[in-house]
Amino acid sequence: KHLREALLEPVLQWARETSASGGSVPFSTEGLTSWRRLRLRDGQLGRQLAILRDDRTLRSALPALGDGRLIAVQVLSVDEELSADDVVLAARPFRAREGRLHASTEVVFPKAQTVGDLRACLAARFQGLLVGAGNSAGSAAEGCDSDSISGAEANEQVQAAEDAVGEDCLEFVLLPAAGPPLTAKRCATLRWGDSQLNATDEATLAMSIAEVKDFRDGSVLVVRSRMSAKLASESEGCGTQEESMGGAEERSGSKRTTILPPKSKAGAMRPPLTSFPAQ
């Protein structure tokens, strides 16, 4: 916390000097008057830019602290104070029908939230993924933040979304930060049906998100539309069937069946061979 406070003025000074010399500043300084808009990360190689929490000391948050230690500064659009009870996830929207995986977006949730509250907020925030969701419906819930919207308000927005898109809903899978590269192809094979975040029973919905497997800082949250995934599966099945039928026709058209007559006696005339396409 004290380091964030101390870094605000140097960050603003650097931005002013860079702009004056004709350089490009990678963030907007408009309204940047509070240190709460600075997020500090561990910039050391191999530390995956881990976020530094306000309630920890520099020595405990930065192993091998010494001269030349790298720290990354991220400028946010809103104030933020992360505590030990907050979890930062990397949400990645996946458009199954198009086979497109979007870049990650960091979302912050308190561990005290329930699975139902988490799903409600995510459904409002990523409503645009739903099949049939219009631009107006998507913009109604755009920018949903766990700190600025209550569970009741989120539920109202989710209900409006469901009315707009019918039977479609969002599905979620949590993955650990470490692992093989996440691609659209891999997303299609994830165990969506086993995810606790997709359960509908009251016991799971009332469970704290801290109890969900792999729910920790840096985990990747993949979000998709159930209807979109169904349409993608049906489309893939039709394409495979057509390809199989086309290949069978092509193979049958290239083969010919030849019938040989019985062996004739010596000196007898042997009838000509007869061939015709296989059926």
Please evaluate residues Arg125 and Thr105 with respect to the criterion side chain to side chain contact (heavy atoms under 4.5 Å, CB included), reporting the C-alpha separation (whole Å), side-chain torsions for both, the decisive distance (0.1 Å), and the verdict. CA-CA 11 Å; Arg125 179 162 187 163; Thr105 300; 3.5 Å; yes
Worked check of side chain to side chain contact (heavy atoms under 4.5 Å, CB included) between Leu89 and Leu174: CA-CA 9 Å; Leu89 303 178; Leu174 265 176; 4.3 Å; yes
Show, in sequence, the C-alpha distance, side-chain angles and deciding distance for Phe109 and Leu122, and conclude whether the side chain to side chain contact (heavy atoms under 4.5 Å, CB included) test is met. CA-CA 10 Å; Phe109 295 102; Leu122 288 172; 3.8 Å; yes
Side chain to side chain contact (heavy atoms under 4.5 Å, CB included), that's the test. Do Lys213 and Gln196 meet it? Break it down for me. CA-CA 8 Å; Lys213 182 182 178 182; Gln196 290 177 292; 4.1 Å; yes
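When hydrophobic clusters are built by joining Ile, Leu, Val, Met, Phe, Trp and Tyr residues whose side-chain heavy atoms come closer than 4.5 Å, directly or via intermediates, Leu182 is not grouped with Phe172. Cluster membership check: Trp14 shares its hydrophobic cluster with Leu12, using side-chain heavy-atom separations under 4.5 Å among Ile, Leu, Val, Met, Phe, Trp and Tyr.
Counting heavy atoms from C-beta on, the side chains of Ile71 and Leu3 come closer than 4.5 Å. Proximity of Leu231 to Glu234: side-chain heavy atoms (C-beta onward) are separated by under 4.5 Å at one or more points. Looking at Leu175 and Asp214, their side chains never come closer than 4.5 Å, going by heavy atoms from C-beta outward. Inter-residue side-chain proximity for Arg95 and Arg224 is flagged as unmet; no heavy-atom pair is nearer than 4.5 Å. Inter-residue side-chain proximity for Val73 and Leu7 is flagged as met; some heavy-atom pair is nearer than 4.5 Å.
Checked by atom type and distance alone, the side chain of Gln74 never pairs as donor or acceptor with a backbone atom of Leu40 at under 3.5 Å. Thr114 places a side-chain N or O within 3.5 Å of a backbone atom of Asp117 that can act as its donor or acceptor partner. Side-chain atoms of Arg4 come within 3.5 Å of backbone N or O of Arg36 as a donor-acceptor pair. In terms of modelled atom types and a separation under 3.5 Å, the side chain of Asp217 and the main chain of Val88 share a donor-acceptor contact. Side-chain atoms of Ser219 come within 3.5 Å of backbone N or O of Arg216 as a donor-acceptor pair. The backbone N or O of Glu17 lies less than 3.5 Å from a partner atom in the side chain of Ser21, making a donor-acceptor pair. Looking at Ser195, its side chain never comes within 3.5 Å of a backbone N or O of Trp192 through a donor-acceptor pair. In this structure a side-chain-to-backbone donor-acceptor pair under 3.5 Å is missing from Ser19 to Arg16.
A distance of 10.0 Å separates CE of Met227 from CZ of Arg97, quoted to the nearest 0.5 Å. Between the CZ atom in Phe215 and the NZ atom in Lys111 there is a gap of 8.5 Å [rounded to 0.5 Å]. Here Leu221 contributes atom CG and Ser104 contributes atom OG; the two are 11.0 Å apart, rounded to the nearest 0.5 Å. How far SG of Cys169 is from CZ of Arg119: 7.0 Å, rounded to the nearest 0.5 Å. Residue Gln113 holds its CD atom at 9.5 Å from CG of Asp86, rounded to the nearest 0.5 Å. Between atom OG1 of residue Thr29 and atom CZ of residue Arg37 there is a gap of 9.0 Å, rounded to the nearest 0.5 Å.
Shortest non-hydrogen contact noted between Ser34 and Leu8 is C-CD2, 3.8 Å. Nearest approach of Ala199 to Thr204, heavy atoms of both residues: CB-CG2, 3.6 Å. Between Asn198 and Leu170 the shortest heavy-atom distance is OD1-O, 4.4 Å. Residues Phe94 and Arg100 approach most closely at CD1-O, 3.5 Å, considering heavy atoms.
Glu106 and Arg41 are joined by a salt bridge, as a carboxylate oxygen and a charged side-chain nitrogen come within less than 4.0 angstrom of each other.
Side-chain polar atoms of Asp168 and Ser225 form a donor-acceptor pair below 3.5 angstrom. In this structure, a donor-acceptor pair under 3.5 Å is absent between the side chains of Arg92 and His102.
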